[in-house]
Number of protein chains: 2
Amino acid sequence: MPKDSAETKYFTVDCPNRLLFAEIADKWSMMILSVLDTGPHRFNGIKRCLEGVSQKSLTQTLRKLERNGIISRTVRSTSPVAVEYAMTPLGMSLLGPYRAIYTWTCVNLSEVNAARLEYDGRQT
Amino acid sequence: MPKDSAETKYFTVDCPNRLLFAEIADKWSMMILSVLDTGPHRFNGIKRCLEGVSQKSLTQTLRKLERNGIISRTVRSTSPVAVEYAMTPLGMSLLGPYRAIYTWTCVNLSEVNAARLEYDGRQT
DNA sequence: AACAATAGTGCCTAATTGAAACTAAGTCTA
DNA sequence: TAGACTTAGTTTCAATTAGGCACTATTGTT
């Protein structure tokens, strides 16, 4: 007999919010969004802004964001073919919540660093 | 000669915000925070709320959050030793920004699903 | 003709994640 | 008192994922 059979399972593996969260809150997605926040960019333009991205990871992340309707991908048939990535209205609506997290990291970075030093000191 | 030598590198590999963001915005961290938002929990209590976490991943994520000063870890010397995890004030300050993201997923889930269907339809 | 830039793709290895078993200390049951 | 169960992890190994590097194809420049 379980002690607390009423314990709620908050996050099941198929929770849609959990799945969507995993798609929008990863490392590269958020950085791409803040680059596109300054205006439309081309593939290699984004790449130059994000030190350490491989073409493969960038392609994959851009595809994922495009599939979720957060950015748009427009091919321009110019000299060397240009592919322009831009924020969609849906993507723009995500910028507010994202900026809240970003601002939090700016405001609390020193407090986090203090906590880290304190923690590392405890682990003799 | 580079065409645009003034192109800004927004995110370098050692950008502190980028590093901190990676520590707080991963899959399990955010789910753990929303569990602890409802009050202090013990190790296996959290585990039961998060379908699919392994002990290892949970331990690692809890340690990381503790090190960053976002949660506290208290050992109670009761019958089988009890370890209680709770939000710190710093952690609570992160809940607002997190809820903004969570709310966004709730509000825009249907629009994202529509975008996915449209995208998948285009890829005949 | 050779070289650079465009936007990718493909292969292979390195790093991370997760599943399952194990540890250790104490409680409860038969 | 042996056996099973709880607690909170750690360890080991396998699988998934991520990243580095080389390659394609097209156009423009020198």
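Numbers restart at 1 for each chain; the letters A, B, ... are given by sequence-line order, proteins then strands.
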- Message: Rounding to an integer number of Å, can you tell me how far L62(B) CG sits from dG9(D) P?
- Response: 8 Å
- Note on the structure: Of the candidates dA8(D), dG19(D), dT9(C), the side chain of R63(A) sits closest to dT9(C)
- Item | Nearest-Å distance for atom pair CD/P, residues Q60(A) and dG8(C) | 13 Å
- Query: Can you check the Q55(B) CD to dA21(C) P distance for me, whole Å?
  - Reply: 12 Å
- Task: Compare the minimum distances between each of dG9(D), dG8(C), dT6(C) and the side chain of N44(A), then state the nucleotide with the smallest one.
- Result: dT6(C)
- Output yes when at least one side-chain N/O atom of R42(A) is less than 4.0 Å from OP1 or OP2 of dA7(C), else no. yes
- Whole-Å distance separating the OH atom of Y85(B) from the P atom of dT7(D): 14 Å
- Please report, rounded to the nearest Å, how far the C1' atom of dA18(D) is from the CE atom of M31(A). 14 Å
- Query: Nearest of dG9(D), dT12(D), dG19(D) to any side-chain atom of K56(B)?
  - Reply: dT12(D)
- Grab the CD-C1' distance between E84(A) and dT6(C) for me, whole Å please. 14 Å
- Does OP1 or OP2 of dA7(C) have a side-chain N or O of R73(A) closer than 4.0 Å? no
- Any side-chain N or O of W28(B) less than 4.0 Å from the OP1 or OP2 oxygen of dT16(C)? no
- Message: Could you check whether D120(A) pairs with R67(B) (Lys NZ or Arg NE/NH1/NH2 to Asp/Glu carboxylate O, under 4.0 Å)?
- Response: yes
- Within the structure shown, what part of the strands sits under 4.0 Å from K47(B) by heavy-atom distance: base, sugar-phosphate, or nothing? nothing
- Is the shortest side-chain N to carboxylate O distance from D26(B) to K27(A) below 4.0 Å? no
- Task: Among the candidates dG20(D), dT6(C), dT9(C), find the nucleotide nearest to the side-chain atoms of R48(A).
- Result: dT6(C)
- Note on the structure: Whole-Å distance, F43(A) CZ to dT26(D) C1', equals 16 Å
- Message: If you count every heavy atom of other residues, nucleotides or ligands that lies below 6.0 Å from Y102(A) atom OH, does the total exceed 12?
- Response: no
- Query: Is it true that the side chains of S57(B) and W28(B) contain a donor and an acceptor less than 3.5 Å apart?
  - Reply: no
- Query: Are S57(A) and dG19(D) close enough that a side-chain N or O sits under 4.0 Å from OP1 or OP2?
  - Reply: yes
- Rounded distance (Å) that lies between atom P of dA8(D) and atom CD of E66(B): 14 Å
- Going by an N to O cut-off under 4.0 Å, is there a salt bridge joining E23(A) and R18(A)? no
